Number of protein chains: 2
Amino acid sequence: MLTKKELTPCPVATTVDLIGNKWKLLILRDLLSGTKRFGELRKGVDGISQKVLTDNLRSLEEDGLITRTVYAEVPPRVEYELTELGGSLQPIMKMMEEWGNFYKESMKIEAGEC
Amino acid sequence: MLTKKELTPCPVATTVDLIGNKWKLLILRDLLSGTKRFGELRKGVDGISQKVLTDNLRSLEEDGLITRTVYAEVPPRVEYELTELGGSLQPIMKMMEEWGNFYKESMKIEAGEC
DNA sequence: CTGTATCCAAGAGGATACTG
DNA sequence: CAGTATCCTCTTGGATACAG
């Protein structure tokens with residue numbers, strides 16, 4: 001289980017519990033540009049394995065940050081989308097993107113894109 | 001080793017590599033209010049063990065986000081302080097604090113303080 | 001007080017095979 | 001295509017003892 005809704009009083013800790021892990025922010029980042037299929041996310045999130053992607057998607061769904069829609073087709077199609085709550089993380093991710101570039105500049109590393 | 005400067009091109013991934021872990025953000029949060037001694041951080045960061053705190057402080061220092069100052073006294077005193085780079089994370093942490101409260105409201109949990 | 005050094009446990013994450 | 005099911009590895013983190 002990846003999700004642990006620790007009832008910590010500290011709001012920063014709450015946020016860290018929800019998205020402070022190696023993969024979730026990268027998944028959410030990809031979903032910012034719109035609905036994505038499982039396979040698209042797998043390609044978009046650098047070196048993530050199938051199992052770990054599945055685990056994290058379930059956890060994000062459980063926490064109310066994304067929705068999962070299964071289409072009864074053959075072959076099956078599953079789409080993931082940010083909820084309103086998940087979308088509200090955009091400003092934070094935008095700042096993290098800016099800060100990441102700022103950090104690289106400070107360290108004399110060339111900036112990049114996703 | 002906690003630090004792995006993956007030379008990923010994605011700035012969000014860079015940020016996640018540096019602070020997207022269970023403890024670092026909580027340590028940095030405590031340092032926002034000013035210089036702190038080792039023991040103060042240990043009390044301030046909820047359930048962190050001595051070893052893990054030490055490991056994370058070393059990693060943050062290595063990444064240029066905090067400084068470590070040792071005073072040659074008896075008993076020894078060691079103070080940790082944000083660098084300018086570390087301090088530049090404040091807006092992100094502020095937003096994470098706000099978002100954490102927003103999340104709790106959405107989930108009908110009472111807001112809290114650190 | 002602020003560590004370092006071990007030893008261990010738990011869990012995240014990777015590889016592979018198989019399924020509706 | 002989008003998973004599930006195992007098995008295994010490695011890292012993170014906790015406990016304890018000890019040192020400068």
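These figures come from a predicted structure and were not determined experimentally. Per chain, numbering begins at 1; letters A, B, ... match sequence-line order.
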Closest nucleotide among C:dC1, C:dG14, D:dT4 to the A:Lys22 side chain: C:dG14
Rounded interatomic separation in angstrom, taking CG from A:Leu41 and C1' from D:dG3: 14 Å
Nearest-Å distance for atom pair CG/P, residues A:Asn56 and C:dG13: 6 Å
Donor-acceptor under 3.5 Å (B:Ser106 side chain, B:Phe102 main chain): yes
Residue closer to the 5' end of DNA chain D, B:Trp23 versus B:Gln50 (nearest nucleotide): B:Trp23
5' priority, DNA chain C, between A:Pro75 and A:Gly47 [closest heavy atom]: A:Gly47
Check ion pair B:Arg77-B:Glu79 (N to O, under 4.0 angstrom): yes
Nucleotide nearest B:Lys51 (side chain, heavy atoms from C-beta), chosen from C:dT6, C:dG20, D:dG3: C:dT6
Rounded interatomic separation in angstrom, taking CD from A:Glu61 and P from D:dG3: 10 Å
Distance below 4.0 Å between A:Arg68 side-chain N/O and D:dG3 OP1 or OP2: yes
Side-chain N or O of B:Arg42 closer than 4.0 Å to phosphate OP1/OP2 of C:dC1: no
Rounded interatomic separation in angstrom, taking CG from B:Leu53 and C1' from D:dT12: 14 Å
Side-chain heavy atoms of B:Tyr103 within contact of A:Leu18, under 4.5 Å: yes
Linked, directly or transitively: A:Leu57 and A:Val70 (ILVMFWY side chains, under 4.5 Å): yes
Below 4.0 Å: OP1/OP2 of D:dC1 and any side-chain N or O of A:Tyr80: no
Rounded interatomic separation in angstrom, taking CZ from A:Phe38 and P from D:dC1: 12 Å
Nucleotide nearest A:Thr54 when distance is taken to its side chain, options D:dG13, D:dG3, D:dG20: D:dG3
B:Arg58, nearest nucleotide to its side chain (from C:dT4, D:dC1, D:dG3): C:dT4
Value in whole Å for how far the P atom of D:dC1 lies from NZ of A:Lys43: 8 Å
Distance in angstrom units between B:Tyr71 OH and C:dG3 P, rounded: 13 Å
B:Asn21-A:Asn21 side chain donor-acceptor pair, cut-off 3.5 Å: no
Separation of atom CZ in B:Arg37 from atom P in C:dC1, rounded to whole Å: 8 Å
